Amino acid sequence: MEPPKVQQSGEGGLNVTLTIRLLMHGKEVGSIIGKKGETVKKMREEVSASGARINISEGNCPERIVTITGPTDAIFKAFAMIAYKFEEDIINSMSNSPATSKPPVTLRLVVPASQCGSLIGKGGSKIKEMRESTGAQVQVAGDMLPNSTERAVTISGAPEAIIQCVKQICVVMLESPPKGATIPYRPKPASTPVIFSGGQVRADPLGASTANLSLLLQHQPLPAYTIQGQYAIPHPDQVWMPVTRPVLMNSPFPMI
């Protein structure tokens with residue numbers, strides 16, 4: 001969530017503009033987009049009249065980021081449309097299912113870790129208060145999302161409870177702005193290319209040539225980092241290891 005921009009409205013009140021990020025799986029994003037993009041187009045038309053925007057990150061990723069920016073009232077309206085759409089999907093899925101109890105709607109916010117302490121409260125008092133007053137379940141992830149300084153905040157419940165909970169979260173975020181620079185979470189593509197120590201990049205590790213195999217055997221692997229601002233963020237998920245392939249007995253390379 002970015003720092004709010006406060007402007008003076010024509011009626012003398014404050015018009016607070018926020019940016020809230022949601023983390024969604026591919027199926028959830030597909031539901032929001034709809035057939036030929038009709039659902040998201042309708043949502044955008046309704047919230048744009050209030051000065052809000054809905055953007056969906058691109059890329060072939062298992063997860064996507066949905067960003068909602070605009071005045072607080074318009075953001076709550078966008079959340080309501082998303083929550084009710086997910087509830088509609090749940091009801092439709094139950095028509096062909098023997099299940100009798102309706103599962104809750106679940107949304108995941110992406111929040112700077114520096115704001116999570118205020119969201120939880122001393123001894124968990126704030127998050128307990130939100131759960132009791134809204135009826136929604138709220139969970140703050142203990143670990144940061146990969147290569148970022150953000151955490152996932154999961155909200156589950158009926159659409160009405162989720163909307164009320166989001167309103168309270170926004171109030172807390174406004175009262176406690178993020179501290180320091182925030183490295184935003186960016187979902188990775190479904191397949192990550194293999195980066196060899198000599199700088200070669202191959203999307204298919206099994207298609208590596210003998211030259212690349214020799215290069216791997218001759219050089220020690222170098223750690224991979226992404227430079228973001230003043231931070232050097234390691235990529236622990238990029239595994240540096242030789243490519244396994246059959247080798248003839250008279251090959252100059254040892255068996256792997």
Side-chain angles (χ1 to χ4, degrees), residues 1-4 18-29 32 54-69 75 79 82 86 104-131 134 136-157 162 165-195 221-240:
M1 184 179 296
E2 295 181 357
L18 295 173
T19 296
I20 296 182
R21 286 153 43 86
L22 287 164
L23 183 59
M24 294 189 185
H25 295 299
K27 186 177 180 181
E28 295 170 326
V29 173
I32 294 300
I54 300 175
N55 292 317
I56 301 173
S57 66
E58 298 180 358
N60 181 27
C61 303
E63 295 178 320
R64 307 274 285 277
I65 297 291
V66 177
T67 306
I68 306 172
T69 303
I75 285 179
F79 263 93
I82 292 172
F86 284 175
V105 174
T106 300
L107 295 178
R108 289 182 297 165
L109 306 183
V110 180
V111 177
S114 61
Q115 293 179 293
C116 289
S118 300
L119 197 58
I120 295 170
K122 188 175 182 180
S125 59
K126 192 62 183 180
I127 199 168
K128 180 181 178 182
E129 177 188 327
M130 284 192 288
R131 289 169 180 161
T134 65
Q137 289 297 314
V138 188
Q139 299 289 337
V140 179
D143 297 328
M144 292 187 221
L145 291 162
N147 303 323
S148 77
T149 57
E150 294 185 307
R151 294 189 195 179
V153 177
T154 305
I155 310 171
S156 300
I162 288 176
C165 188
V166 169
K167 289 182 178 180
Q168 293 196 23
I169 289 175
C170 286
V171 170
V172 174
M173 298 298 98
L174 287 169
E175 292 175 347
S176 304
K179 300 178 180 66
T182 297
I183 301 174
Y185 173 60
R186 293 184 175 89
K188 294 194 308 177
S191 58
T192 303
V194 175
I195 306 175
L222 300 174
Y225 290 87
T226 296
I227 304 301
Q228 299 180 359
Q230 299 178 351
Y231 299 89
I233 309 300
H235 286 269
D237 52 296
Q238 289 188 348
V239 180
W240 298 80

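Everything numeric in this text was worked out from a predicted model, so none of it was measured.
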(request) Taking the side chain as every heavy atom from C-beta outward, state whether Thr69 and Asn55 have any atom pair closer than 4.5 Å. (result) no

(request) State, with a plain yes or no, whether a side-chain heavy atom of Met24 is found less than 4.5 Å away from one of Ile56. (result) no

(request) List the steps and the verdict of side-chain contact (heavy atoms from CB on, under 4.5 Å) for Met144 and Thr149. (result) CA-CA 6 Å; Met144 292 187 221; Thr149 57; 4.1 Å; yes

(message) Counting C-beta onward and ignoring hydrogens, is there a side-chain heavy-atom pair between Leu22 and Ile65 closer than 4.5 Å?
(response) no

(message) Counting C-beta onward and ignoring hydrogens, is there a side-chain heavy-atom pair between Ile82 and Ile68 closer than 4.5 Å?
(response) yes

(request) Start with the C-alpha gap between Ile183 and Asn147, add the side-chain angles, then the distance that decides, and say whether side-chain contact (heavy atoms from CB on, under 4.5 Å) holds. (result) CA-CA 8 Å; Ile183 301 174; Asn147 303 323; over 6 Å; no

(message) Whether the Thr106 and Ser156 side chains hold a donor-acceptor pair (N or O, under 3.5 Å, no angle test) is what I'd like checked.
(response) yes

(request) For Leu145 and Val110, run side-chain contact (heavy atoms from CB on, under 4.5 Å): C-alpha distance rounded to whole Å, both residues' side-chain angles, the deciding distance at 0.1 Å, then the answer. (result) CA-CA 9 Å; Leu145 291 162; Val110 180; 3.9 Å; yes

(message) Checking Arg64 now: which residues fulfil salt bridge (Lys or Arg N to Asp or Glu O under 4.0 Å) with it, not counting sequence neighbours?
(response) none

(message) Could you report the tightest heavy-atom contact between Ala136 and Cys165, atom names first, then the distance?
(response) CB-CB, 4.1 Å

(message) When you compare the side chain of Leu119 with that of Met173, does any pair of heavy atoms fall below 4.5 Å?
(response) yes

(message) Taking the side chain as everything from C-beta on, heavy atoms only, tell me whether Glu63 gets closer than 4.5 Å to Glu28.
(response) no

(message) Quick check: closest heavy atoms across Glu150 and Pro184, and the distance to 0.1 Å?
(response) OE1-CA, 3.3 Å

(request) Go through the steps to decide whether Ile155 and Ile169 satisfy the test side-chain contact (heavy atoms from CB on, under 4.5 Å), and finish with yes or no. (result) CA-CA 10 Å; Ile155 310 171; Ile169 289 175; 3.6 Å; yes

